Amino acid sequence: MKNSSNPKPADKAIAWLQTQLPKLVLAPSFSIILLFVYGFIIWTVYLSFSASRMLPNYEWVGTEQWERLWNTLTWQTALDNLLIFGVLYIVLCLAIGLLLAILLDQKIRLEGGLRTLYLYPMALSFIVTGTAWKWFLNPGLGLERTMQEWGFESFEFNWLIDPDMAIYTVVIAGVWQASGFVMAMFLAGLRGIDNEILHAAQIDGAPTWKIYTRIIIPQLGPVFMSALIVLVHLAIKSFDLVIALTGGGPGNATALPATFMYSYSFTRNQIGVGASSAVFMLITVAAIIVPYLYSELKGSKK
Amino acid sequence: MKIMTKKTISGLALSVALISGAQAADVEVMHWWTSGGEAKALGELKQSLAKQGVGWKDTPVAGGGGSNAMTVLRARVLSGQSPTAVQMLGFDIQDWGDQGVVANLNQVAKQEGWDKVVPSALQQFSKYQGKWISVPVNVHSTNWVWGNKAVLDKIGVGVPKNWNDLILAMKKAKKAGYVALAHGGQAWQDATVFDGVVLATGGVDFYRKALIELDPTALSSDTMKRVFDRMAQLRGFVDKNYPGRDWNLASAMVIKGKAAFQMMGDWAKGEFLSAGKQPGKDFVCFRTPGSQGAITFNADQFTMFKVDKAHQQAQQQMAKAVLSLEFQIIFNKVKGSVPARTDISGERFDDCGKKAIADLKEAVNKNSLVGSLAHGHAAPAAIKSAFYDVITAHFNGEFSSEEAVKALVSSVKNAS
């Protein structure tokens, strides 16, 4: 085809089509995403400045809904809870995930089986996890009662119904669910490390823990980053786990921004306040993800 | 070939007409009556409509208080597929009236003379700008206490007459190893107890001032602090597994004799009845001690939404059936509530029903019939929820009574 100096019109059309085809194929999904993701983000931002109560109402009221949001007691609780839950959830998931990955990486028997076992919680939906842990942690049904029936009369574990501790039960269930997944990511990262370097270190007589802390873990940087990004947004949008586990209670003790947003938008006829809380959550996620994406893009250009 | 096509087309058209014809006589009813007693009560309406040839499409959305149903409804209305009728409470009806998506029932109302027989406190919610948009099914009241007779006999207490009696009885029950107060830790249940306690502590005038007029001085008064103190007192009699428990499970604790009392609206009676218990013999009912002579009511209504011409006939038939004498009696006997018309005597009701009907008459005459805060008949949803937040936070020990009063004033201000 290339040696003909005068290409036929049909060939020209095909060549044009070939260059344009990717765009044509992507156009529908792109426009749908443009509308249903970014369009609705803009819509929500607008609603947060509107007088919306039960149904959307487009009257502009300035920052009134935002002021209302920050004057709301439950919102303060939700933010405190997000901080406790987010930090503990992310740190524990990373720590437990890494530990499990390192242990599994010791060329042990039945590794495949164990890996599946640890990864399996991720296959459950948060609703199932929440419900199962609700039964397990309920003092009248689960752990506490079982231990007492076994003769440990003074055994007490009532975090689930204690307003001060309930948020930590959400952490427990969340970590149980996600740490296996983090483990799988780390395991893949560990397997990707060049064996030559490890052999060299071993020959030099470095102890195993030093090999891990000095050579292996520093190389897992990108995996840490990916795991962090996944966990951060899971933590911020966390909704179903809380609903199934505690229903936001006792009282409003385990409210999170996502449950707050749902209840204000859909059950309390306060769509405006709900929209501002949703926008706030978006800003929080963006504050973490945008710098990350930016550094990634910059890195790839180099 | 051509004839064949024609035949097929006309056949198709005919079947389409048949299908839509079958649909035309249907009503689609959205509700959250899914517990045993409630479902049974609703079955009565289904049957009475079936006799008139009106089909019933059931759209139940589970979840106490109906907040889930309202979410589904919002989506349905926004997408232009309103159900024929939706179970609804208090201010929500007015909010929907505001949106201009509801039907006008004035014609049926005039034919049936609803203006004369429905208490005016109810009409306030059923009518929007002078138009009937909603049909009340019943009158519930929330300042009730239910007690297990056998348990009370065993611990040797009668029906408590005042607050101290009640606390004493609960202490005795607790000492005897019973759960003194069966309760479910959900915000609306906490608020239901709150209704009765406010009425018992401050009386009707205080209730009106604080919960309906939202007067800041009443909200921050010492009386309000005493209300919270009493809530804390009650909290001490609840077993520790209460968070998240559904109200009917709490009723079951009283029915089975594991607990002595439950403070719950009279829909609880439906649970007792469907468990085969008899009022007076197996269980007792009395007003929250101190609130005798006054009633905090909420009324379930079927709000009618705008539907196309084909469905209007069935809609009107349903509206008529709901407020008919016969249905009101049958339904409310099963549900545990009181008829929404004043021209029905208590004859065919049981002990608790007779008492409730007499109480309602007394309250209407004495002007001591007030809307229940917990069930959206005192203040709109946004303010109701602001109350919920504070009540439930206090009940779960996050606030002292002083802090709760302060929080109440600021939350209510913030929500209005």
Side-chain angles (χ1 to χ4, degrees), chain A residues 52-57 64-65 67-78 130-131 134-135 137-142 144-145 156 158-164 166 169 242-255 260 262-274, chain B residues 63 65-75 77-78 91-92 94-96 98-101 179 184-188 190 238-246 376 380-386 388-399 403-404 406-408 410-411 413-416:
Chain A
S52 300
R53 279 300 183 98
M54 191 171 84
L55 291 175
N57 169 342
E64 193 187 291
Q65 307 282 16
E67 281 161 30
R68 216 178 255 153
L69 174 70
W70 289 100
N71 284 330
T72 303
L73 287 171
T74 321
W75 178 243
Q76 308 288 349
T77 319
T131 311
K134 179 168 84 178
W135 290 336
L137 294 174
N138 185 312
L141 291 174
E144 184 177 307
R145 173 152 170 207
E156 239 186 60
N158 59 358
W159 285 9
L160 189 69
I161 55 171
D162 179 349
D164 294 329
T169 63
V242 183
I243 293 297
L245 186 64
T246 62
N252 285 319
T254 50
F260 178 93
Y262 179 82
S263 93
Y264 272 72
S265 309
F266 301 117
T267 63
R268 298 178 170 226
N269 295 351
Q270 300 240 48
I271 286 181
V273 175
Chain B
S67 50
N68 298 347
M70 286 303 117
T71 308
V72 176
L73 177 62
R74 212 180 309 252
V77 171
L78 284 174
F91 283 90
D92 284 350
Q94 298 296 309
D95 282 349
W96 282 106
D98 249 350
Q99 312 296 332
V101 291
V179 175
Q186 294 168 337
W188 72 269
D190 300 339
V238 175
D239 67 315
K240 62 178 182 175
N241 286 320
Y242 76 101
R245 178 190 286 148
D246 284 322
I383 293 170
K384 175 186 87 176
S385 312
Y388 274 19
D389 285 346
V390 178
I391 294 167
T392 193
H394 171 265
F395 200 78
N396 284 288
E398 281 171 58
F399 288 147
E403 287 168 330
K406 264 187 214 144
L408 195 59
S410 67
S411 307
K413 195 176 144 225
N414 191 41
S416 46

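Each chain gets a letter, A, B and so on, in the order the sequences are listed, and its residues count up from 1. None of the values given here were measured: they were computed from a predicted structure. The figures that follow rest on heavy atoms only: side chains count, while hydrogens, waters and symmetry mates do not.
When heavy atoms are compared at a cutoff of 4.5 Å, A:Leu73 approaches chain B solely by way of its side chain, counted from C-beta outward. Interface remark: B:Ser385 contributes backbone and side-chain atoms alike to the contact with chain A (heavy atom separation under 4.5 Å). In this structure, chain B has no heavy atom under 4.5 Å from any part of A:Ser263. Contacts between A:Thr72 and chain B at a heavy-atom distance below 4.5 Å involve backbone atoms as well as side-chain atoms. For B:Ala415, the parts lying under 4.5 angstrom from a heavy atom of chain A are both the backbone and the side chain. Both the backbone and the side chain of A:Ala253 come within contact range of chain B, with heavy atoms under 4.5 Å apart. Both the backbone and the side chain of B:Ala382 come within less than 4.5 Å of a heavy atom of chain A. Contact annotation for A:Pro139: both backbone and side-chain heavy atoms come within less than 4.5 Å of a heavy atom of chain B. Of the two parts of B:Leu78, only the side chain, counted from C-beta on, holds a non-hydrogen atom closer than 4.5 Å to a non-hydrogen atom of chain A.
Classification of the A:Trp70-A:Trp75 ring pair by plane angle, with boundaries at 30° and 60°, yields perpendicular. Below 30°, between 30° and 60°, or above 60°: for A:Tyr264 and A:Phe260 the angle between ring planes is below 30°, a parallel geometry.
Interface remark: of the candidates A:Arg53, A:Gln270, A:Arg68, A:Arg68 forms the most heavy-atom pairs closer than 4.5 Å to chain B. Ranking B:Asp190, B:Thr71, B:Thr392, B:Asn414 against chain A, the residue ahead of the rest is B:Asn414, based on heavy-atom pairs under 4.5 Å. When each of A:Gly247, A:Ala166, A:Pro163, A:Pro56 is scored by its heavy-atom pairs under 4.5 Å with chain B, the top score falls to A:Pro163. Contact count versus chain A (heavy atoms, under 4.5 Å) is highest, among B:His394, B:Gln99, B:Met70, for B:Gln99.
When side chains are defined from C-beta on, A:Asn138 does not count as touching A:Lys134, because their heavy atoms never get closer than 4.5 Å. A:Val273 has its side chain out of reach of A:Arg268: every pair of non-hydrogen atoms, C-beta onward, lies at least 4.5 Å apart. Using a 4.5 Å heavy-atom threshold, the side chains of B:Val179 and B:Tyr242 count as separate. Contact check for B:Arg74 versus A:Asn269: side-chain heavy atoms found under the 4.5 Å cut-off.
Residues that satisfy the salt bridge (charged side-chain N to carboxylate O under 4.0 Å, His left out) test with A:Glu144, not counting sequence neighbours, are B:Lys240. Applying the ring pair (Phe, Tyr, Trp, His ring centres under 6.0 Å) test to B:Phe399 and every residue at least two apart in sequence or in another chain returns nothing.
Judged by distance alone, the side chain of A:Asn252 and the main-chain N or O of A:Thr74 form no donor-acceptor pair under 3.5 Å.
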